[in-house]
Amino acid sequence: MDKRKKILVCDDEEGVRESLNLILEKHCDLDFASSGDEAIEKVKDGNFDVLILDIKMPAKDGLETLEEIKKISPDIKVIIATGYQSVEMASKAVKLGAIDYITKPFESDEVLEKVSRI
Amino acid sequence: MNLFALSGLLTGFTSLSIGLFVFLKQRKTILNKIWIIFTLSVATWGFGCYEMASATNQTIAFLWYRLAHIGVTLIPVFIYHFVFVFLNLKKKAILKIVYLVGGVFFIANLIDLFNSYFLSNKAHYLMIAHMKWMFDSFYMDTPPGPLYSFFVAFFFIIVSMIFYELFHALKQNKGPKKAQIKYFFLANIIGFIGGGTCFLPVFGINIYPIGNFAAAAYPIIIAYAILAHHLLEINIIIKKTLIYSIIISIITTLYFITVYLLEKVFSIIAGYHSVPLAITIIAFFSIIFIPLKNKIQKITDKYFFHGTIDQIDEENIKLREEIQKSEKLKAVAALAAGMAHEIKNPLTSIKTFTEYLPQKYNDPDFIKKFNDIVGGEVDRINYIVRQLLEFSRPSELHLKKTDTNKLLDETLSLLSNDFLKYSIKIAKDYSKISTITADPTQIKQVFLNLFLNAIDSMKNGGPITVSTKQDNNDTISVEIADAGKGIAKEDIDHIFDPFFSQKEGGTGLGLSVVHGIVEKHGGKINVKSTSGEGASFTISLPVKQQTV
């Protein structure tokens with residue numbers, strides 16, 4: 001990876017946040033949010049290159065969060081994290097501006113590769 | 001009335017009836033319009049035959065027979081046109097030729113009519129030239145007019161052509177269309193071959209034209225094809241009771257006629273009326289009447305309504321089972337999708353942490369997180385699987401007399417620390433009568449899940465109201481109302497769905513389990529809530545269970 005990217009990880013599960021921390025901490029500058037609303041606030045304040053966003057979250061779900069974040073920061077690159085793939089969900093996410101996805105449980109190499117490609 | 005006259009009358013009546021029926025039911029399609037004209041042509045032939053065969057002088061007989069031939073000359077033209085449209089034939093040139101040639105004979109017959117009226121004995125007739133008394137009435141005699149033989153040849157060429165097309169279509173088609181063609185073909189075979197015997201005496205073959213009765217059968221077969229196979233795109237819903245009534249009326253009439261005739265025959269033979277014999281005959285027919293009626297009902301069901309009531313019921317049961325199976329599969333698919341998500345989250349942590357263990361086993365922070373997270377996630381997976389099992393294969397009910405007030409108090413006692421921690425106040429309003437027959441362990445689970453949900457929504461404190469009420473002699477209701485975050489309007493319909501959760505860390509199975517347990521007890525659960533204004537769950541449980 002050339003430049004250390006600034007990545008925001010948004011997932012309501014602590015275990016998932018910690019997992020992505022383990023995978024990405026050596027290569028990127030990481031910040032974390034445990035809800036859609038928290039992620040939106042952090043994007044407003046920070047200048048993130050990448051957002052790794054969980055689709056299924058209580059209160060505000062990933063797609064809703066994605067829509068709002070794209071209005072605040074249209075250039076942010078969004079990778080969806082999901083435990084259940086569906087064509088319908090993937091197509092909705094792409095329409096809202098997501099560029100890729102990673103599936104749970106994560107393959108570390110896959111996560112690193114997709115982040116480095118951005 | 002002689003037989004030929006009767007056959008003409010029947011043919012006229014049945015053809016006119018079917019033509020009128022189609023006219024009233026469905027006259028918009030080109031096929032049905034052609035059919036109506038065809039039946040009018042046949043009716044003209046039929047009534048014309050009746051009048052001719054009833055005529056007492058030759059002039060009248062000639063007139064009626066020529067009038068009948070207005071219909072006869074049109075029959076081959078319109079039956080061919082009908083088949084052309086019905087089977088969607090392509091060669092329009094042939095249809096045009098049929099109209100042309102048929103038109104020649106039609107006009108020739110009209111000329112004969114005109115001549116017979118105005119020129120009388122001086123006329124040279126083209127079609128029907130001679131008549132004589134035979135078969136108990138006036139009938140066309142040999143030799144025919146110069147064009148008549150050509151007309152008969154034309155008639156049978158057309159009949160052969162339609163037979164060929166129908167036979168060909170019968171082999172190529174399947175399903176409802178094949179059935180329609182089959183009956184139409186049958187009607188044509190019977191009608192034209194039978195009716196064609198009327199031409200024989202004209203050529204010196206003096207066979208009584210009894211086949212003309214077959215022409216009367218033609219519309220009856222077509223009527224059946226309309227009723228049973230929607231020929232002519234006429235969809236009729238005829239009440240079974242009407243068909244049964246008609247059939248039973250016919251049988252009852254025949255029954256009485258039979259009884260009367262038998263009794264009459266006996267009185268002629270024996271010379272006196274025997275009352276015991278009359279009673280015996282009536283009793284005998286009464287005994288066979290019901291089985292005969294049932295047999296006829298079954299036949300009617302089979303041929304008109306595609307199966308008996310039992311068969312239709314069987315099909316309905318099969319259809320319902322298919323729908324239930326399909327719904328179950330949908331539910332399983334939804335459950336699998338929800339479960340996939342719930343389990344994949346803890347699996348993610350376990351996988352990643354174990355993957356990095358070899359590199360980081362010396363890192364105390366890592367080891368601490370490993371211990372905190374991985375162990376907890378394994379327990380979580382176990383909990384999800386247990387809940388799912390409970391939800392999908394609920395345990396048997398162990399029913400006993402259960403005091404709901406006491407059960408509520410026990411559950412509240414279990415959660416007293418949480419109430420204290422979150423400054424939650426409990427207000428109780430219990431009814432005096434609260435005993436039901438239920439499985440106390442499972443009902444306690446229901447109360448526990450509802451209280452836990454209430455606590456989760458009120459982390460900033462507030463009141464929870466718990467009340468019991470005897471609705472009537474049959475049910476007791478329990479209400480648990482909180483002053484928490486409430487449930488959004490769009491979520492209310494989904495809160496009992498498995499894996500639906502708006503709670504952080506929630507599995508989404510708690511309320512599904514509650515719902516399942518309440519239903520198993522024969523009870524109901526309702527929820528009222530407005531977002532931001534708390535939620536109220538009311539469970540109604542029957543006082544008595546059927547199995548106790």
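Because the structure is a prediction, the values reported are computed rather than measured. Just so it is clear: chains get the letters A, B, ... in the order the sequence lines come, proteins before strands, and each one is counted from 1.
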- prompt: Judged by modelled atom types alone, do A/Glu18 and B/Ser349 share a side-chain donor-acceptor pair under 3.5 Å?
  reply: no

Electrostatic pair A/Lys44:A/Glu41 at N-O distance under 4.0 angstrom: yes

Electrostatic pair A/Lys104:A/Glu13 at N-O distance under 4.0 angstrom: no

Interface residue of largest heavy-atom contact number with chain B, from A/Ser19, A/Gly15, A/Ala81, A/Ser108, under 4.5 Å: A/Ser19

- prompt: Going by the angle between their ring planes, with limits at 30° and 60°, are B/Phe496 and B/His515 parallel, tilted or perpendicular?
  reply: tilted

task: Pick whichever of B/Lys360, B/Lys369, B/Glu377, B/Gln359 has the most heavy-atom pairs under 4.5 Å with chain A.
output: B/Lys369

query: By a 4.5 Å heavy-atom criterion (distance strictly below it), what part of B/Tyr356 contacts chain A: side chain, backbone, both, or neither?
result: side chain

